[in-house]
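Report on one structure; see the data block that follows.
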Amino acid sequence: MRLIFAFLYFVGAMLYSYPVRLIHHLKYKDKKTEHDANFYSLKKIARKMLKLLGVKIDIQGCTIYDEPVVYIGNHRSNFDSLIMIAIMEKPLIFIGKSEIKKFPFIGKWFRDIGCLFLERDDIKKSIEVINQGIQRIENGYSVVIFPEGRRTKEDSVEEFKPGSFKMAFKANARIVPVSFYNSEECYERFHSFRPANVSIRIGEIVNPKALELNNTVQMAKYVHTVIAQIYEEQRIHYSMH
């Protein structure tokens, strides 16, 4: 019954959202303002969907920043993006794989909040996306990146790809580490939608310049160490409960 309600709400919300986004498009001349308005609409849907699916989120850390930041997180589930939208107080966008554009409803929504999509097999287009991402940050957008490059099934944090830190490095943006624990229980663990208790830990903001992280390799190693340590603390905590 839970899934039926969630499905009906999702379909209804998607149908309702199209005219809302059209109104935003006609109302706002500034693209970022339009993207932000769409984000807040999607945020309401995300929160309701998670509630209907029985996903309970334990959050520790700061969920609002007065500057554009780059959120760096480990990647456990397709629900990670939905959870980020639901818990963060201010608009954000994702840098994702081009395949996301093909997902029904989701691809359109992500485009409408300003997300960018990497063409991994096309270096020229990837460089263009990175430059667009830098411009987004400079224009006030906060960006979410999952630098493992894929969802991991291991009970650990995989190595981060240094290339994922190019935007933060070139835009001189500060980094917010985010550790997801147990989000795969929402779907991936059993390949079915299930109620889940998800832990989100948001670490202290990282200033690469102050820490003298002078290239993307150093940034990747440092932030990986931070998130891996937080993840291990989450794992120990939940194994004891």
request  = Any chance you could lay out the side chain to side chain contact (heavy atoms under 4.5 Å, CB included) test for Y141 and H35, step after step, and finish with the verdict?
outcome  = CA-CA 10 Å; Y141 288 79; H35 289 157; 2.7 Å; yes
Between I93 and F39, does the side chain to side chain contact (heavy atoms under 4.5 Å, CB included) criterion hold? Intermediate values first, please.
CA-CA 9 Å; I93 65 172; F39 173 87; over 6 Å; no
Run the side chain to side chain contact (heavy atoms under 4.5 Å, CB included) test on Y187 and N78 for me, step by step, so that the C-alpha distance in whole Å, both residues' side-chain angles and the decisive distance to 0.1 Å come before the verdict. CA-CA 8 Å; Y187 179 80; N78 282 327; 5.8 Å; no
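The side-chain hydrogen bond (donor to acceptor under 3.5 Å, both in side chains) check on K166 picks up nothing, with sequence neighbours excluded. Residues forming a side-chain hydrogen bond (donor to acceptor under 3.5 Å, both in side chains) with D80 (at least two apart in sequence, or on another chain): H75, S183. Residues satisfying the side-chain hydrogen bond (donor to acceptor under 3.5 Å, both in side chains) criterion with R111, sequence neighbours excluded, are absent altogether.
Connection of L118 to I127 is not established within any shared hydrophobic cluster, with ILVMFWY side chains joined at heavy-atom distances below 4.5 Å, either directly or through further cluster members. Linking Ile, Leu, Val, Met, Phe, Trp and Tyr residues whenever their side-chain heavy atoms come within less than 4.5 Å leaves Y28 and Y40 in two separate clusters.
Between the CD atom in E148 and the OG atom in S164 there is a gap of 9.5 Å [rounded to 0.5 Å]. Rounding to the nearest 0.5 Å places OH of Y181 at 5.5 Å from CG of D155. F110 contributes atom CZ, which lies 12.5 Å from atom CG of L116 (distance to the nearest 0.5 angstrom). The line from CZ of R47 to CD1 of I83 is 13.0 Å long, rounded to the nearest 0.5 Å. One distance of note links CZ of F193 with CZ of R2; it measures 13.0 Å at 0.5 Å rounding. Rounding to the nearest 0.5 Å places SG of C186 at 12.0 Å from CZ of R76.
Between A173 and V70, the shortest heavy-atom contact is CB-CG2, 4.0 Å. Closest of all the heavy-atom pairs between K43 and A86 is NZ-O, 3.0 Å. Nearest heavy-atom pair, S142 versus P68, reported as atom, atom and distance to 0.1 Å: OG-CA, 3.5 Å. Considering every non-hydrogen atom in both N182 and E185, the closest pair reads ND2-OE1, 2.9 Å.
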Show me the donor-acceptor pairs, under 3.5 Å and distance only, between side chains in residues 50-59 and residues at least two apart or in other chains.
unit_1 : atom_1 : unit_2 : atom_2 : d
D58    : OD2    : R201   : NH1    : 3.3
D58    : OD2    : R201   : NH2    : 3.0
D58    : OD2    : Y238   : OH     : 3.1

Taking only distance into account, with no hydrogens and no angle test, what donor-acceptor pairs under 3.5 Å do side-chain atoms of residues 9-22 form with protein atoms, sequence neighbours excluded?
unit_1 : atom_1 : unit_2 : atom_2 : d
S17    : OG     : A13    : O      : 3.4
S17    : OG     : M14    : O      : 2.7
S17    : OG     : R21    : NH2    : 2.8
R21    : NE     : S17    : O      : 3.4
R21    : NH1    : D112   : OD2    : 2.9

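When the shell of 6.0 Å around NZ of K32 is examined, it contains more than 12 heavy atoms from other residues, nucleotides or ligands. Heavy-atom contacts from other residues, nucleotides or ligands closer than 6.0 Å to CD of E212 number 12 or fewer. Summarising the local packing, CZ of F5 is surrounded by 12 or fewer heavy atoms from other residues, nucleotides or ligands at distances under 6.0 Å. Sparse packing is recorded around CD1 of I123, with 12 or fewer heavy atoms of other residues, nucleotides or ligands lying under 6.0 Å away.
Of the charged side-chain nitrogens involved, at least one lies within less than 4.0 Å of a carboxylate oxygen, so that D66 and K90 count as a salt-bridged pair. A salt bridge links E158 with R150: at least one charged nitrogen is closer than 4.0 Å to a carboxylate oxygen. K31 has a carboxylate O that lies under 4.0 Å from a charged side-chain N of E34, or vice versa, which qualifies the two as a salt bridge.
Formation of a donor-acceptor pair under 3.5 Å by the S98 side chain with backbone atoms of F117 is not found in this model.
In this structure, the side chains of E67 and I205 come closer than 4.5 Å at one or more pairs of heavy atoms. For the pair I200 and F180, the minimum side-chain heavy-atom distance is below 4.5 Å.
Residue pairs meeting the ring pair (Phe, Tyr, Trp, His ring centres under 6.0 Å) criterion with at least one partner in residues 147-166, sequence neighbours excluded, are F160-H224.
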